A.B. asks: 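Okay, handing you the structure first.
These numbers come from the heavy atoms of this one structure, side chains and all, not from hydrogens, waters or symmetry mates. Fair warning: this is a prediction, and the values are worked out from it, not measured in the lab. By convention here, the first residue in the shown sequence is residue 1.
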Amino acid sequence: MNVAGRPVDGVTFARLMAPFEPFETCPEIAVAVSGGRDSLCMALLADGWVRSRNGKLLALIVDHGLR
């Protein structure tokens, strides 16, 4: 996953999530993934972010028919 052409790490992902706060103490979020590299990266970053907050992540698989 890139923002402005640079790779996104966990710290950057947390900073990008900050505008959506406040979150509950143990957030439960869902991400939609298609299986591509970018959606897998987003899912992994979101998983690390939510686990650090004692929350849960639900990944939803989307087939957008682009392959």
A.B. asks: Could you walk me through whether Val62 and Val33 pass the side-chain contact (heavy atoms from CB on, under 4.5 Å) test, one step at a time?
C.D. replies: CA-CA 6 Å; Val62 177; Val33 297; over 6 Å; no
A.B. asks: For the side chain of Ser39 and the backbone of Ser34, is there at least one donor-acceptor N/O pair under 3.5 Å apart?
C.D. replies: yes
A.B. asks: Counting only heavy atoms not in Ile61, do more than 12 sit closer than 6.0 Å to its CD1 atom?
C.D. replies: no
A.B. asks: Please evaluate residues Phe23 and Arg53 with respect to the criterion side-chain contact (heavy atoms from CB on, under 4.5 Å), reporting the C-alpha separation (whole Å), side-chain torsions for both, the decisive distance (0.1 Å), and the verdict.
C.D. replies: CA-CA 10 Å; Phe23 292 98; Arg53 288 156 179 77; 5.7 Å; no
A.B. asks: Walk me through it: do Met42 and Val31 pass the test side-chain contact (heavy atoms from CB on, under 4.5 Å)?
C.D. replies: CA-CA 8 Å; Met42 180 189 61; Val31 295; 3.9 Å; yes
A.B. asks: Linking I/L/V/M/F/W/Y whenever their side-chain heavy atoms sit closer than 4.5 Å, directly or via other members, would Phe20 and Val8 fall into one cluster?
C.D. replies: yes
A.B. asks: For Gly10 versus Leu45, what's the shortest heavy-atom pair and its separation?
C.D. replies: N-CD2, 3.9 Å
A.B. asks: Same cluster for Leu44 and Leu57 if Ile/Leu/Val/Met/Phe/Trp/Tyr side chains link at under 4.5 Å?
C.D. replies: no
A.B. asks: Which is it for Trp49 and Ile29 under the side-chain contact (heavy atoms from CB on, under 4.5 Å) test, yes or no, and what are the steps along the way?
C.D. replies: CA-CA 10 Å; Trp49 179 87; Ile29 64 170; 4.2 Å; yes
A.B. asks: Keeping Arg15 on the side-chain end and Val11 on the backbone end, is there a donor-acceptor pair under 3.5 Å?
C.D. replies: no
